[in-house]
Protein chains: 2
Amino acid sequence: MTNERRWADTSGLPPAPDATAKPVTLAHVARLAGVSENTVSRVIRDKGSIAPETRQRVNAAIEQLGYVPNRAAGSLASSSSLIIGVILPSLSNIVFPEVLRGINAGLSATPYRPMIGVTDYDLDIEHQLIASLLAWQPAAIITTGFDHTVGARRMLENSRVRVAELMDIDNAPIDLAVGLSHHEAGRAMAHHLVQRGYCNIAYVGHDWTADRRAHARYVGLCEGLAETGLSLVAECRTDQASSTLEGRKTLSNLLSGGVHIDAVAFSNDDMAVGGFMHCLAVNIAVPEELALIGFNGLEIGQVLPKPLTTVLSNRFAIGKTAVELLLAGVQRPDETVKIDTGFSIVEGATA
Amino acid sequence: MTNERRWADTSGLPPAPDATAKPVTLAHVARLAGVSENTVSRVIRDKGSIAPETRQRVNAAIEQLGYVPNRAAGSLASSSSLIIGVILPSLSNIVFPEVLRGINAGLSATPYRPMIGVTDYDLDIEHQLIASLLAWQPAAIITTGFDHTVGARRMLENSRVRVAELMDIDNAPIDLAVGLSHHEAGRAMAHHLVQRGYCNIAYVGHDWTADRRAHARYVGLCEGLAETGLSLVAECRTDQASSTLEGRKTLSNLLSGGVHIDAVAFSNDDMAVGGFMHCLAVNIAVPEELALIGFNGLEIGQVLPKPLTTVLSNRFAIGKTAVELLLAGVQRPDETVKIDTGFSIVEGATA
DNA sequence: CTGTTAGCGCCTTCAT
DNA sequence: ATGAAGGCGCTAACAG
């Protein structure tokens with residue numbers, strides 16, 4: 001980034017409008033500048049060619065009147081708005097807020113604004129949100145993963161808006177996918193543990209029906225182990241959403257099973273941090289007695305007495321990259337695009 | 001909540017529109033139902049009285065055509081949109097996403113959608129965001145705290161939109177304030193520590209220039225101590241934003257000062273959890289050698305080997321309550337309103 | 001309870 | 001490089 005100058009700057013400190021006064025419109029600006037409304041509109045949108053002198057007069061008038069364009073009128077006239085619809089599965093842990101942070105960062109120097117919805121991992125809710133966001137004729141819709149209801153997929157395909165599916169790249173996108181291969185990330189976790197000499201490896205996870213990517217990592221993990229002739233010696237899953245609390249409980253459950261385990265792969269860092277806390281509480285030496293590996297690379301894992309070994313997903317980059325690509329081309333490209341933002345093993349001290 | 005029936009239900013699984021076909025409009029629905037556009041509009045908005053039989057025919061036509069109202073047109077015609085502008089200082093820790101979660105929860109059964117902006121604690125950015133959101137003629141703007149630029153305040157006061165200022169209630173709101181008294185919360189922390197018998201109390205904090213509420217808690221803390229004849233024996237502040245990492249470092253700095261300290265009040269839970277990690281790493285017994293108290297009541301604090309003693313702020317409730325009050329009355333009330341969502345001491349095991 | 005008439009403020013298309 | 005005309009889809013005000 002970035003070409004700030006692409007976007008008309010409507011900030012600054014305009015004289016605040018009087019509550020009683022009618023809001024300033026294009027017509028007012030046009031009259032003051034002594035040009036037609038159309039010319040003012042062109043200046044604002046930086047479209048067509050305008051005489052430098054005219055542009056200057058118009059900008060002066062805009063500033064003098066504190067003109068702020070009415071977005072609803074613009075949207076109606078152009079059948080498309082400066083809205084980016086953003087659909088997130090959840091706001092309950094820090095992962096999706098970080099994606100949103102990336103989206104916001106990509107948008108902050110533009111006149112586009114994110115309008116958000118939260119699905120709670122429910123595809124029917126996603127469907128409704130898509131319909132509801134499409135009613136605003138947004139420039140793009142950003143959602144998560146490749147699972148959608150049949151109707152939702154059709155709406156997205158048939159609409160002319162650009163669509164980004166985030167987090168995952170293991171499937172065919174509607175338009176643009178930005179994320180990482182969770183399957184590969186799972187394999188990488190397996191290989192890391194095996195290389196470190198662990199061979200009694202177990203899994204602690206959370207609800208897969210909601211979080212399909214966690215399942216993809218699990219499958220990759222098993223596959224990675226199989227490639228070295230190993231397999232999981234035990235596993236324990238909660239049917240709850242992931243949380244440190246569930247991680248703590250679920251590891252405790254796993255260990256009460258009596259199987260000899262020397263390393264645990266967790267479905268994500270929240271679960272892993274919870275597991276670490278369990279070890280602290282019952283005096284299990286990490287990693288000597290039990291090694292732990294998480295997924296995500298959250299800050300909290302790096303502040304533990306022993307920094308958590310984990311896999312970094314580039315959540316901020318996923319959001320930011322998606323927005324940049326979306327805004328780079330208004331038209332949906334002929335070919336779908338997948339962007340791999342990658343992952344990397346964070347060599348902590350717990351595995 | 002709630003009275004779902006107040007809001008026209010435009011969900012369901014309408015036949016997805018064909019990309020080539022013109023989108024369905026009110027006129028199409030009106031023709032099919034054999035009524036005027038206006039009647040359809042009334043049915044959708046549930047305004048005025050409609051013959052049950054007419055309503056039914058209209059609804060059937062809407063469903064049959066998969067009609068989705070064009071929000072831009074509606075906004076333009078009514079000079080007000082179904083947008084709630086939400087301005088947050090940050091998305092980097094879990095606190096504001098939880099407020100947003102509350103806002104979203106309050107909005108989910110309504111046709112209103114949040115449009116968001118992030119200030120990074122910068123009032124000039126807030127000012128620009130307010131201007132930019134006001135361009136959408138939102139039904140309300142939700143922001144944080146009472147500090148705004150002169151221009152921003154004027155824009156909000158002069159606009160007819162409802163305004164909620166969240167988190168804090170220690171000042172006079174423009175329209176509605178929902179939050180808690182951070183000053184009182186600070187006092188409560190002081191009294192809690194003193195009651196527990198600690199008398200060599202120190203403070204570990206983060207950047208106040210950005211986070212004025214953290215400062216308010218500090219002032220309350222000092223005042224609370226003074227009420228019992230005490231004062232802080234030491235304090236250490238980082239000029240960074242709060243994080244577990246900074247908490248860990250800053251406590252380490254504080255303790256290297258050589259002053260005898262038996263309890264530390266932290267500016268928030270992120271800092272306190274970091275402090276706890278420091279104690280674990282250097283083998284300081286908590287709370288025997290050093291007691292710790294945080295602020296916020298984050299989940300992570302409750303998963304520590306010893307649950308963190310802290311002060312619960314009701315972040316979800318703040319967001320949800322604000323939205324409910326905002327939507328309860330479209331008009332700004334004559335008198336400003338302050339809602340105290342309160343706080344409570346979480347009696348953990350660290351103080 | 002329902003229909004008619006005018007816009008809302010801007011953008012697109014076509015002229016010049 | 002600029003202007004004129006028309007309409008985007010909906011809602012408000014007024015009839016009836």
Is there a side chain to side chain donor-acceptor pair (under 3.5 Å) between B:T144 and B:E165 once you walk through the steps?
CA-CA 5 Å; B:T144 295; B:E165 293 163 288; over 6 Å; no
Would B:I84 and B:I141 satisfy side chain to side chain contact (heavy atoms under 4.5 Å, CB included), going step by step from the backbone distance to the final call?
CA-CA 6 Å; B:I84 307 291; B:I141 290 209; over 6 Å; no
Is there a side chain to side chain donor-acceptor pair (under 3.5 Å) between A:R153 and A:T149? Walk through the geometry before answering.
CA-CA 6 Å; A:R153 177 177 296 282; A:T149 65; over 6 Å; no
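Between B:R55 and B:D46 there is a salt bridge, with a side-chain nitrogen of the basic residue lying less than 4.0 Å from a carboxylate oxygen of the acidic one.
The NE2 atom of A:H28 sits 13 Å away from the C1' atom of C:dC8 (whole-angstrom rounding). Regarding B:Q137, its CD atom lies at a distance of 13 Å from the P atom of D:dA12, rounded to whole Å. Taking atom CD of A:E37 as the reference point, atom P of C:dT12 lies 14 Å away to the nearest angstrom. Atom pair A:W136:CH2 and D:dG9:C1' shows a separation of 13 Å (rounding to whole Å applied). Between A:I62 atom CD1 and C:dG9 atom P the separation is 16 Å, expressed in whole Å. The separation between B:D46 atom CG and D:dT11 atom P is 13 Å, rounded to whole Å. Atom CZ in B:R57 sits about 8 Å away from atom P in C:dT2, given to the nearest Å. The interatomic distance linking B:L82 (CG) with D:dT11 (C1') rounds to 12 Å, in whole Å.
Distance from the side chain of B:A77 is smallest to C:dC8 among C:dC11, C:dT2, C:dC8. The side chain of B:A73 approaches D:dC10 more closely than any other nucleotide in the set D:dC10, D:dT11, D:dT2.
Side-chain atoms of A:L123 and A:T119, non-hydrogen and from C-beta on, never get closer than 4.5 Å to each other.
Here B:S41 reaches the OP1 or OP2 of D:dT11: one of its side-chain N or O atoms lies under 4.0 Å away. Phosphate contact (OP1/OP2 of D:dG3, side-chain N/O of A:S36, threshold under 4.0 Å): present. The phosphate of C:dT2 has OP1 or OP2 within less than 4.0 Å of a side-chain N or O from B:T54. When the side-chain nitrogen and oxygen atoms of A:R45 are compared with OP1 and OP2 of C:dT12, one or more of them lie within a distance under 4.0 Å.
Between the side chains of B:S75 and B:Q137, no donor-acceptor pair is found at a separation under 3.5 Å.
Judged by distance alone with a 3.5 Å cut-off, no donor-acceptor contact links the side chain of B:N38 to the base of C:dT5.
At a threshold of 4.0 angstrom between heavy atoms, the contacts of B:T39 are confined to the sugar-phosphate backbone, with no base atom among them. As judged by a 4.0 angstrom heavy-atom cut-off over every strand, A:L26 is placed among residues touching the sugar-phosphate backbone only. Using a 4.0 Å heavy-atom distance criterion, B:L76 is classed as a base contact. As judged by a 4.0 angstrom heavy-atom cut-off over every strand, B:T25 is placed among residues touching the sugar-phosphate backbone only.
Looking at which nucleotide of DNA chain D each of B:N70 and B:R42 is closest to, the 5′-most match is held by B:N70. Map A:A27 and B:A51 each onto its nearest nucleotide of DNA chain C; the residue landing nearer the 5' end is B:A51.
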